[in-house]
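Worksheet: one structure, shown below.
Computed from heavy atoms alone, side chains included, the values below leave out hydrogens, waters and symmetry copies.
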Amino acid sequence: GKFERDQVGTFPGTDFGVRVKSVEHLVTHNTAILGILGVGKSTLAMELVERVIKANCKVVVLDLTDQYASELAELLDQDYVATIVQKLQAVGAPGKQIVKKNVEEGGSRHAFAEAVEAELEGFMAGEQRLLVLNPAAFEVWRQDSKPYNDTASMVSLTACEITHIISDAALRVSQKRGRTDSPRLCMVYEEAHSLVPEWNATVYEGDRAASTGTARAILQGRKYGLGCLLITQRTASVTKTILNQCNSVFAMRSFDDTSKDFLSNYIGRDYASLLPSLPERHAVFFGRASSCENPVHIQ
């Protein structure tokens with residue numbers, strides 16, 4: 001009954017462990033952690049991030065909550081991250097003043113995308129293992145109208161659109177390194193309902209296209225060792241294009257019908273009906289990364 005390192009939990013009330021079969025599957029076949037606030041989603045996510053890093057795969061966390069930077073402080077070079085954030089902020093903010101005849105060229109979207117790709121390229125080539133960015137920390141501008149007297153209407157990009165830019169850059173730096181079956185880079189989408197919203201949950205027109213773009217990057221990334229870990233308390237509001245690509249799922253306590261219906265397709269009604277009554281730090285775990293063939297209830 002000793003605890004094994006690759007265990008992810010035990011059958012409730014026993015010391016019989018359930019393992020993550022392989023970190024490879026966790027990353028390249030994508031993993032979702034679903035459940036309401038306060039049931040242990042982020043704690044589990046950070047545990048998985050540590051394992052992914054130990055398996056020589058780099059991790060970029062997109063975190064609106066700012067909790068990863070403090071919780072994973074031991075694995076994170078704060079100065080390194082601060083330098084990158086400063087560089088990117090310096091490129092994004094001045095875009096408000098950049099008005100061009102060709103609307104596409106105005107603002108700072110292109111310059112910001114190039115800067116993100118350059119920084120991710122440096123991250124992949126360097127010694128660092130973990131990068132935590134808050135998409136809401138960047139002010140990036142898009143020109144929204146033809147210029148008139150050298151001014152034009154400017155729109156600042158949403159967290160969802162910035163997530164798309166970062167995800168696209170992650171795909172490109174992975175593609176440059178060629179095909180592989182091993183995980184190279186794991187993107188973590190914390191509060192995924194805000195970063196990759198379902199199209200009917202979006203407020204802005206641009207978010208719909210951005211969500212689709214992020215989903216496409218993740219879909220194409222698999223053969224280049226790029227995958228994702230998606231964490232959300234609102235299954236209904238996350239794009240199903242990505243959720244349907246998550247081949248491993250930790251389903252924690254949740255009450256909404258969308259979660260139940262979505263998960264019923266995978267784990268059957270019986271397990272789905274367990275979800276509202278699961279205690280904290282319990283989950284139904286199933287998929288490619290699990291050491292068990294069937295869905296299991298773990299603590």
Side-chain angles (χ1 to χ4, degrees), residues 49 58-73 75-147 149-177 185-191 194-196 204 206-207 209-211 213-214 217 226 228:
V49 164
K58 303 208 173 202
V59 177
V60 174
V61 181
L62 300 186
D63 178 24
L64 296 168
T65 66
D66 286 329
Q67 68 189 98
Y68 282 73
S70 54
E71 295 277 345
L72 295 172
L75 297 169
L76 193 65
D77 181 335
Q78 305 280 0
D79 295 340
Y80 169 76
V81 176
T83 308
I84 288 182
V85 170
Q86 265 169 333
K87 280 190 203 165
L88 295 178
Q89 283 171 335
V91 173
K96 193 173 186 180
Q97 315 305 329
I98 303 173
V99 175
K100 293 285 171 81
K101 269 207 174 62
N102 178 354
V103 176
E104 272 292 290
E105 290 169 11
S108 50
R109 192 186 189 287
H110 287 294
F112 182 77
E114 282 172 12
V116 168
E117 188 172 342
E119 293 305 330
L120 282 188
E121 184 55 56
F123 172 65
M124 292 303 286
E127 292 296 298
Q128 302 292 339
R129 291 293 167 86
L130 176 65
L131 180 57
V132 179
L133 300 172
N134 182 343
F138 303 108
E139 184 187 323
V140 183
W141 295 90
R142 172 166 57 81
Q143 186 173 325
D144 203 38
S145 70
K146 288 233 179 292
N149 290 345
D150 292 332
T151 65
S153 95
M154 290 287 187
V155 181
S156 76
L157 298 192
T158 63
C160 177
E161 291 172 304
I162 286 170
T163 297
H164 176 209
I165 290 175
I166 299 171
S167 304
D168 263 354
L171 173 62
R172 284 196 296 275
V173 299
S174 302
Q175 280 173 329
K176 275 185 201 161
R177 286 163 172 71
L185 178 57
C186 177
M187 299 293 296
V188 178
Y189 300 101
E190 174 62 67
E191 304 268 316
S194 300
L195 300 179
V196 282
Y204 306 102
D207 281 2
S211 244
T214 299
L226 172 67
C228 79

Side chain to side chain donor-acceptor pair (under 3.5 Å) between Asn149 and Thr151, intermediate numbers included: CA-CA 6 Å; Asn149 290 345; Thr151 65; over 6 Å; no
[X] [atom1] to [Y] [atom2] distance, which is reported to the nearest 0.5 Å:
X      : Y      : atom1 : atom2 : result
Glu119 : Lys87  : CD    : NZ    : 4.0 Å
Leu226 : Arg177 : CG    : CZ    : 11.5 Å
Ile166 : Met187 : CD1   : CE    : 6.5 Å
Asp77  : Thr83  : CG    : OG1   : 8.0 Å
Arg142 : Ser108 : CZ    : OG    : 11.0 Å
Leu185 : Met124 : CG    : CE    : 5.0 Å

Can you give me the closest heavy-atom contact between [X] and [Y], atom names plus distance?
X      : Y      : result
Met154 : Ile98  : CE-O, 3.0 Å
Pro147 : Val99  : CB-CG1, 3.6 Å
Val116 : Ala169 : CG1-CB, 3.7 Å
Asp168 : Gly213 : OD1-O, 4.2 Å
Ala136 : Ala159 : N-CB, 4.5 Å
Ser145 : Ser153 : OG-N, 3.0 Å

Using modelled atom types only, decide if a donor and an acceptor are shared between the side chain of [X] and the backbone of [Y] within a distance under 3.5 Å.
X      : Y      : result
Gln128 : Leu130 : no
Lys96  : Trp141 : no
Gln143 : Lys100 : yes
Glu161 : Thr158 : yes
Asp207 : Cys160 : no

For Val85, all residues meeting side chain to side chain contact (heavy atoms under 4.5 Å, CB included), sequence neighbours excluded: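 For Val85, the residues satisfying side chain to side chain contact (heavy atoms under 4.5 Å, CB included) (neighbours in sequence not counted) are Val81, Gln89, Leu133, Phe138.
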Those residues that, when tested against Glu127, pass side chain to side chain contact (heavy atoms under 4.5 Å, CB included) (two or more places apart):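 None.
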side-chain contact (heavy atoms from CB on, under 4.5 Å) assessment of Leu72 paired with Val132: CA-CA 10 Å; Leu72 295 172; Val132 179; 5.6 Å; no
Of Thr163, Ile165, Leu171, the residue whose pairing with Ser167 passes side chain to side chain contact (heavy atoms under 4.5 Å, CB included):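 Only match with Ser167 under side chain to side chain contact (heavy atoms under 4.5 Å, CB included): Thr163.
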Pair Leu75-Arg129, side-chain contact (heavy atoms from CB on, under 4.5 Å): steps then yes or no: CA-CA 8 Å; Leu75 297 169; Arg129 291 293 167 86; over 6 Å; no
Steps toward side-chain contact (heavy atoms from CB on, under 4.5 Å) verdict (Leu131, Val59): CA-CA 6 Å; Leu131 180 57; Val59 177; over 6 Å; no
Audit row: Ile162, Phe112, side-chain contact (heavy atoms from CB on, under 4.5 Å) steps and yes/no: CA-CA 9 Å; Ile162 286 170; Phe112 182 77; 4.2 Å; yes
Polar contact flag, side-chain donor to acceptor under 3.5 angstrom, Tyr189-Thr214: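 There is no such pair (donor and acceptor under 3.5 Å, judged by atom type) between the side chains of Tyr189 and Thr214.
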Residue pair Lys176, Glu121: steps toward the salt bridge (charged side-chain N to carboxylate O under 4.0 Å, His left out) verdict: CA-CA 9 Å; Lys176 275 185 201 161; Glu121 184 55 56; 3.5 Å; yes
Side-chain heavy atoms of Lys146 within contact of Val103, under 4.5 Å: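 Result yes, sub-4.5 Å side-chain heavy-atom pair found.
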